[in-house]
Amino acid sequence: MFVLLFFSVATVVWFFIGGAQSSYVISPTEFQFRYIDDTPMGGNTKGRVYTKDDGSVALECELGSAYRWPFCEVAISLSPSVTHGIDLANYHSMIIEAAYKAPAPDQRLRVYLRNFNDAYSITEDPVSMKFNGIEYNPTEEMSEIVLPLNSFQVLSWWISDLDIPLEHAGPDMSNISLIEIATGSAPTVGKHELTIKNIRFEGVMVTEAGLFRSLTFIWLATATVLLAVKYLQSRRVYDLERRRANRLKAINTALKQQSETLSIMATTDALTGLRNRMDIYPELEKALASTDGKNCTALCLDIDHFKKINDTYGHDMGDRLLICTAEVLRESVSTSDVIIRWGGEEFVIFCPNRNLAQASFLAEKIRAAFETTDWPHDAELSCSVGVSSMREGSIAAMIADADDALYRAKQNGRNRVEVFAESFIATV
């Protein structure tokens, strides 16, 4: 933006100190100067065009009276072909440095800038080239005359004779291939001398309006590009942040899943899918808090002679029996009961909503289910169960009581349920 600001200021300063000025010089060494008069129309004018020692071009003629409108002129061809001239649209003045002597005072000169346009011009017909003309009073002494190009007018007879449409009736300086400087429209018969030292066109490469229009366009284009760049940068940053957020979200989800998996792995028995004894007490306390605490019991269950089964059938069969035991327990309990694999072949069932009688019934139900289940080793399998109820508000004490009752069931021959109640053990 600073570079553009500096460029704009420098361009404006350059323009107003004349940096945009342009000059187009017509010299005899570069362009063809030739003589034309009224003799083709039956006139008797005689003359010539030649170059003087000082480099100026001289037109000398003796206007005769044989033709009604006598004239002589110097014609300057600006290009080898009339179809390819020069564009004077950006020039504002034609400056002629010349001296003119005539047989009478106040004699005028005519200047024609001939323009070729395919819309109305024909190569074989010189008259079809548009006459952008002006007539002015020259001086006898060598001096510069400035002719504003916007003062040139199209000759009315040319418009009428060629039936030029309205859109092409105005001045046109876009393709000037011929310049003609001739005696005036009402010249005096006699000797006429015109010496041309210099012809040039002055203009600007760019107009003031065009300059400021261009600068405005550059500023708008630059602002548009900057906004586009900023937008793309913002989109890129937004996309990066969004991808980063998505990655963080995915990582957080993965970590959460991993945490849940680790939590499940830490609190779940991998073989049976039951809860293990790790951190089970907080969950039991929570379950107990949701009840009145009066009907809370626990069952301790142990598979009878499990070591012998492992020794006989192998540990793989032992694992299959533990999995089947877990299924028997799941089918026997309700949704409020919590089954825990306490270790090895020992299981604990926590019943927060069962009283001692209901828990004892559940224990007997499970023991009977063992007798009727088809086990993978095609042999009978039994279990011993100890049942206890809550006392003194201690879950640990309740489980210890159930374990004591289980020990008593083992001592009393296995495949039985023993209930621990208050200070004695009752046999169910």
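Although no hydrogens or angles enter the test, the distance criterion places no donor-acceptor pair under 3.5 Å between the side chain of Ser93 and the main chain of Ile95. Side-chain atoms of Asp337 come within 3.5 Å of backbone atoms of Ser334 as a donor-acceptor pair (strictly under, hydrogens ignored). Side chain of Asn132 to main chain of Leu113: a donor-acceptor pair is present (N/O by atom type, distance under 3.5 Å, no hydrogens or angles). When atom types are taken as modelled, the side chain of Asn90 and the backbone of Val204 share no donor-acceptor pair closer than 3.5 angstrom. With Asn175 contributing its side chain and Thr83 its backbone, the two residues share a donor-acceptor pair below 3.5 Å. The backbone N or O of Thr183 sits less than 3.5 Å from a side-chain atom of Arg110, completing a donor-acceptor pair. Lys130 places a side-chain N or O within donor-acceptor distance of the main-chain N or O of His168, the cut-off being under 3.5 Å. The backbone N or O of Ala369 sits less than 3.5 Å from a side-chain atom of Thr373, completing a donor-acceptor pair. A donor-acceptor contact shorter than 3.5 Å is absent between the side chain of Glu241 and the backbone of Tyr238. Without hydrogens or angle criteria, Arg354 side chain to Ala359 main chain gives no donor-acceptor distance under 3.5 Å.
A cation-pi arrangement, defined by a distance under 6.0 Å to the six-membered ring centre and an angle within 45 degrees of its axis, is absent between Arg200 and Tyr24.
Taking both residues in full, the closest heavy atoms of Leu301 and Cys383 are given as CD1-SG, 3.9 Å, listed atom of the first, atom of the second, then distance. Ala99 and Met142 make their closest contact through CB-N, 3.7 Å (heavy atoms, listed as atom of the first residue, atom of the second, distance). A pairwise comparison of heavy atoms in Val154 and Trp158 identifies CG1-CE3, 3.6 Å as the closest pair. In this structure, Lys197 and Ser56 approach most closely via the heavy-atom pair CA-CB, 3.9 Å. What you find for Ala405 and Glu418 is that their closest heavy atoms are O-CB, 3.2 Å. Nearest heavy atoms, Leu59 versus Val74: CD2-N, 4.0 Å.
Among the candidates Asn276, Thr268, Asp269, the single residue satisfying the side-chain hydrogen bond (donor to acceptor under 3.5 Å, both in side chains) test with Thr272 is Asp269.
Heavy-atom neighbours of Leu166 CG from other residues, nucleotides or ligands within 6.0 Å: at or below the threshold of 12. Summarising the local packing, CG of Asp374 is surrounded by 12 or fewer heavy atoms from other residues, nucleotides or ligands at distances under 6.0 Å. Applying the 6.0 Å contact sphere to CD of Glu141 captures no more than 12 heavy atoms from other residues, nucleotides or ligands.
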Test side chain to side chain contact (heavy atoms under 4.5 Å, CB included) applied to Ser79 and Ile86, step by step: CA-CA 8 Å; Ser79 66; Ile86 61 173; over 6 Å; no
Criterion side chain to side chain contact (heavy atoms under 4.5 Å, CB included) on Trp69 and Met41, from CA distance to verdict: CA-CA 10 Å; Trp69 298 286; Met41 296 82 170; over 6 Å; no
Lys256/Thr253 under side chain to side chain contact (heavy atoms under 4.5 Å, CB included): CA gap, chis, key distance, verdict: CA-CA 5 Å; Lys256 182 179 179 181; Thr253 301; 5.6 Å; no
Check against salt bridge (Lys or Arg N to Asp or Glu O under 4.0 Å), Arg277 and Glu346: CA-CA 11 Å; Arg277 63 193 299 178; Glu346 188 174 359; over 6 Å; no
Chi angles and distances behind the side chain to side chain contact (heavy atoms under 4.5 Å, CB included) call for Trp219, Thr222: CA-CA 5 Å; Trp219 275 94; Thr222 302; 5.7 Å; no
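Asp404 and Arg408 are not joined by a salt bridge, as no carboxylate oxygen comes within less than 4.0 angstrom of a charged side-chain nitrogen. Here Asp239 pairs with Arg242 in a salt bridge; the nearest charged N to carboxylate O distance falls below 4.0 Å.
Side-chain contact annotation: Asp302 with Ser384, donor-acceptor N/O pair under 3.5 Å absent. Side-chain N/O atoms of Glu371 and Asn415 include a donor and acceptor closer than 3.5 Å.
Ring geometry for Trp375 versus Phe370: interplanar angle of 30 to 60°, hence tilted.
Between the CZ atom in Arg320 and the NE2 atom in His315 there is a gap of 15.5 Å [rounded to 0.5 Å]. Taking CG from Leu322 and CG from Leu271, the interatomic distance works out to 6.0 Å, rounded to the nearest 0.5 Å.
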